[in-house]
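Residue numbers begin at 1 in each chain, while the letters A, B, ... track the order of the sequences.
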2 protein chains.
Amino acid sequence: MKPPASPQKGSVLVVEDEPTLRVLLEHSLRQRGYQVSTVMDGEQALAFLETERPDVALLDWMMPGLSGLELCRIIRQKPGLKDLPVLFLTARTDEQDVIAGLDNGADDYLTKPCSTDRLDARLRALLRRTRPVQDIVTFGPLTLEPENHQVKRAGRPIALGPTEYRLLELFIHHPRKVFSRETLLERLWGPNVHVEIRTVDVHIRRLRKALNETGEADLIRTVRAAGYALDDGTISQHGPSSG
Amino acid sequence: MKPPASPQKGSVLVVEDEPTLRVLLEHSLRQRGYQVSTVMDGEQALAFLETERPDVALLDWMMPGLSGLELCRIIRQKPGLKDLPVLFLTARTDEQDVIAGLDNGADDYLTKPCSTDRLDARLRALLRRTRPVQDIVTFGPLTLEPENHQVKRAGRPIALGPTEYRLLELFIHHPRKVFSRETLLERLWGPNVHVEIRTVDVHIRRLRKALNETGEADLIRTVRAAGYALDDGTISQHGPSSG
DNA sequence: ACGGAGATGTCATGAATATTTCATGTTTCC
DNA sequence: GGAAACATGAAATATTCATGACATCTCCGT
C-alpha cells in the first residue's frame, strides 16, 4: 500500500512514452492524492479511454506514433470525451507549436521539466474548471468551501494558512474522529517526510487560534495520549482521572 | 512509566538475508508488540506464506535469489495474498529503482537504515489502512466508540483517562471475562514493564468511579483472588464454597 | 539578485494532567 | 479473631500538552 496522502483529488491519465518520466509522474501525482493511471502511447490511451473516464488527461507532446496533438484531436471527436480536460507536457523548444496547437480547443500546457508543485497546481486548476461544484462541508458553526478555499465560522471568514486549512479539511470530513499525531503527519505531510511529532501540536494551536479569534468555544478536542478531534463541545472531554 | 508496547499490534513477516539486521528487526519489532516471524530469503518466504497469513510483510529490497520486488510480484499473483500489505526496506541509493518498482501503488518502502520508531510508525499506518472501520462496541448500558475515543453509559458521556480507557476497551471486548492483575498488566502496560501489581487496583478504582459517577450500579466485578471482570450484575457473584 | 511577507518546523518552558506508590481502612473468609 | 485480599485517599513522580519565540525557507514583486 502506498501513501493515500490527502483526500482524493481526482483521477489522472498519464500518457508518456519515456519510462523514467512516466514513473516519476505517476509516483509524484499519487503522492499528492491523485488516482493515477499510466499508458505508454496514444493507442493505449484510446484503448484505456474506451472503458475508463479519468477526470483529466496529461499528454506528452512528442510521442512515437500518435503525437499528443493528434491524440487530443481524436479525443475531441469522441462523443463522450469532448469535455475531458487535457494538459500537455511539452519541451520548451516546442512552445510555439504548442501555442498554435492550443488554438483549436485544447486546454492547457506545461513545459517540462517542471516542479510537482506547478503540475499539481495546474491540474487542480483544470479540475476546478470542469468539475461539478464541490460541496460545501459544514460542522457545527463551521463551513468549509473547497471551491474558494474559504472557511467560515458562524458566517465570519477565517484566515488559515495552507497547513491549517488541510488540517481542518481532514477533520471536517471526519467529524469527531480522533486522529493520532502519527496519522495526521502521514496524511498531511506524506509518509516519507520526517517531521517532529510535536510539530502537529503547533499547527493545531495555529488552527485553534484562527478559529477562536473572537474568544468563542474551542472546537478542537485534545484527547490526551491519543490525538486531536474536531468536536463541538457537546461531548465531554476525557477528563482527569486522578483524585 | 511510559505505556510502551500496546501488545498485539499485528503479525509481521520479516524477509531479510543479512543475519545481523534480521535479528535486530525481529527483536525490536517484538519489543514493540508485534508478533514476528522471520525467514532468510524469498523462497522461504513463499513457503511460509503457504500456511501462514501475516498482517504485513517486510521485505528487503536486495536479496540473493529472489529480489524483494520479484517476491512481491509473485505474492501479488497468489489468489489469497493479493491484499497482503508489503513494506520494502531499501538502501537509499536504490530509491529511484524502488519508486519505479512500486508500479501499482499497492506497496510502500522505507530507506534503511531507519529508526525503529519510524518503522513502527509505518507498519502501524499500513495496518491501520487495511483494517476495516472500527465498530462501536457495547455492553449493557455501556458504549465505546473507538473512532471518537468516546465512552458513554446510558447515553451519558464518560470522561476517562488514557489508562482507564484502555482498560475498559479490553474489558468490553471480552464481556464477563475475568482478567488477573498480571494479565491486565501485561496487556495494558506491555510485557517488559515492571509496575507494582497493586497499581491495577488503583486504575480499576478510577474506572469504577468514572463509570458510576451518578451512583449507578457497579459494572466492574471483583473476583477475589482472581482479578476483575466487566459484568452487569445479572450473574450472581462467586458463591460461597459451602454449596 | 534582493528583500519582505507569509509559512513552517523546532525548541525551551511552564502548566495541566496521569501514573505510580504508599499508608491505612475495610471486607472476606476460615 | 485474625490473616489475606481488596478499596481508598493522598503524595510524589512522570508524562503530555500549550504556548511563545525564533531560525529557516519559499514565494513574489521589484
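Phosphate proximity of C:dA7 to A:His203: absent, as no side-chain N or O sits under 4.0 Å from OP1 or OP2. Between C:dT19 and B:Trp189, no contact under 4.0 Å exists linking OP1 or OP2 to a side-chain N or O. The shortest distance between the side-chain N/O atoms of A:Arg198 and the OP1/OP2 oxygens of D:dC17 is below 4.0 Å.
What separates CD of A:Glu196 from C1' of C:dA12 is a distance of 14 Å, to the nearest Å. Residue B:Ile197 contributes atom CD1, which lies 16 Å from atom C1' of C:dC22 at whole-angstrom precision. To the nearest angstrom, P of D:dT8 lies 10 Å from NZ of B:Lys209. Atom pair A:Leu167:CG and C:dG9:C1' shows a separation of 15 Å (rounding to whole Å applied). Atom-to-atom, CG of B:Asp218 to C1' of D:dC6 comes out at 13 Å; the value is rounded to the nearest Å. Atom CG in A:Asp201 sits roughly 14 Å away from atom C1' in C:dA16 (whole-Å rounding). The interatomic distance linking A:Leu160 (CG) with C:dT8 (C1') rounds to 15 Å, in whole Å. The interatomic distance linking B:Leu188 (CG) with C:dT19 (P) rounds to 10 Å, in whole Å.
Scanning atom types as modelled, no donor and acceptor separated by under 3.5 angstrom connect the side chain of A:Arg208 and the base of D:dA18. A donor N or O paired with an acceptor N or O is not found under 3.5 Å between the base of D:dT8 and the side-chain atoms of B:Arg205. The base of C:dT20 sits within donor-acceptor range of the side chain of B:Arg206, with an N or O pair under 3.5 Å.
Partners of B:Thr214 by side-chain hydrogen bond (donor to acceptor under 3.5 Å, both in side chains), not counting sequence neighbours, listed by chain and number: B:Arg156, B:Glu216.
Tested against B:Ile136, the residues B:Lys152, B:Gln150, B:Glu147, B:Glu145 include a single side chain to side chain contact (heavy atoms under 4.5 Å, CB included) partner, B:Glu145. No option in A:His173, A:His174, A:Arg166 other than A:His174 meets the side chain to side chain contact (heavy atoms under 4.5 Å, CB included) test with A:Leu170. For the side chain to side chain contact (heavy atoms under 4.5 Å, CB included) criterion with A:Leu58, the lone passing option out of A:Leu29, A:Thr38, A:Val86, A:Val36 is A:Leu29.
Using a 4.5 Å heavy-atom cutoff, the side chains of B:Asp218 and B:Arg208 are in contact.
Scanning DNA chain C for stems, defined as runs of 3 or more consecutive Watson-Crick or G-U wobble pairs whose donor-acceptor distances all fall under 3.5 Å, gives the following ranges: C:1-30 with D:1-30.
Comparing C:dT21, C:dA7, D:dA7 against the side chain of B:Val195 picks out C:dT21 as the nearest. When the nucleotides C:dT19, D:dA7, D:dC17 are ranked by their closest atom to the side chain of A:Arg224, D:dC17 comes out on top. Of the candidates C:dT8, D:dC6, D:dC17, the closest approach to any side-chain atom of A:Thr163 belongs to C:dT8. Residue B:Arg181 places its side chain closer to D:dC6 than to any other of C:dT10, C:dT21, D:dC6. Closest to the side chain of B:Thr222, out of D:dA7, D:dT16, C:dT8, is D:dA7. For B:Pro162, counting side-chain heavy atoms from C-beta on, the closest listed nucleotide (C:dT21, C:dA18, C:dA7) is C:dA18.
A distance below 6.0 Å separates the ring centres of A:His203 and A:Trp189. If you look at A:Tyr228 and A:Phe179, their ring centroids are not closer than 6.0 Å.
Looking at heavy-atom distances under 4.0 Å, A:Tyr228 makes contact with sugar-phosphate atoms alone, never a base.
Of the charged side-chain nitrogens involved, at least one lies within less than 4.0 Å of a carboxylate oxygen, so that B:Asp120 and B:Arg124 count as a salt-bridged pair.
Mapping A:Ile204 and B:Ala226 onto DNA chain D by nearest heavy atom places B:Ala226 at the nucleotide closer to the 5' end.
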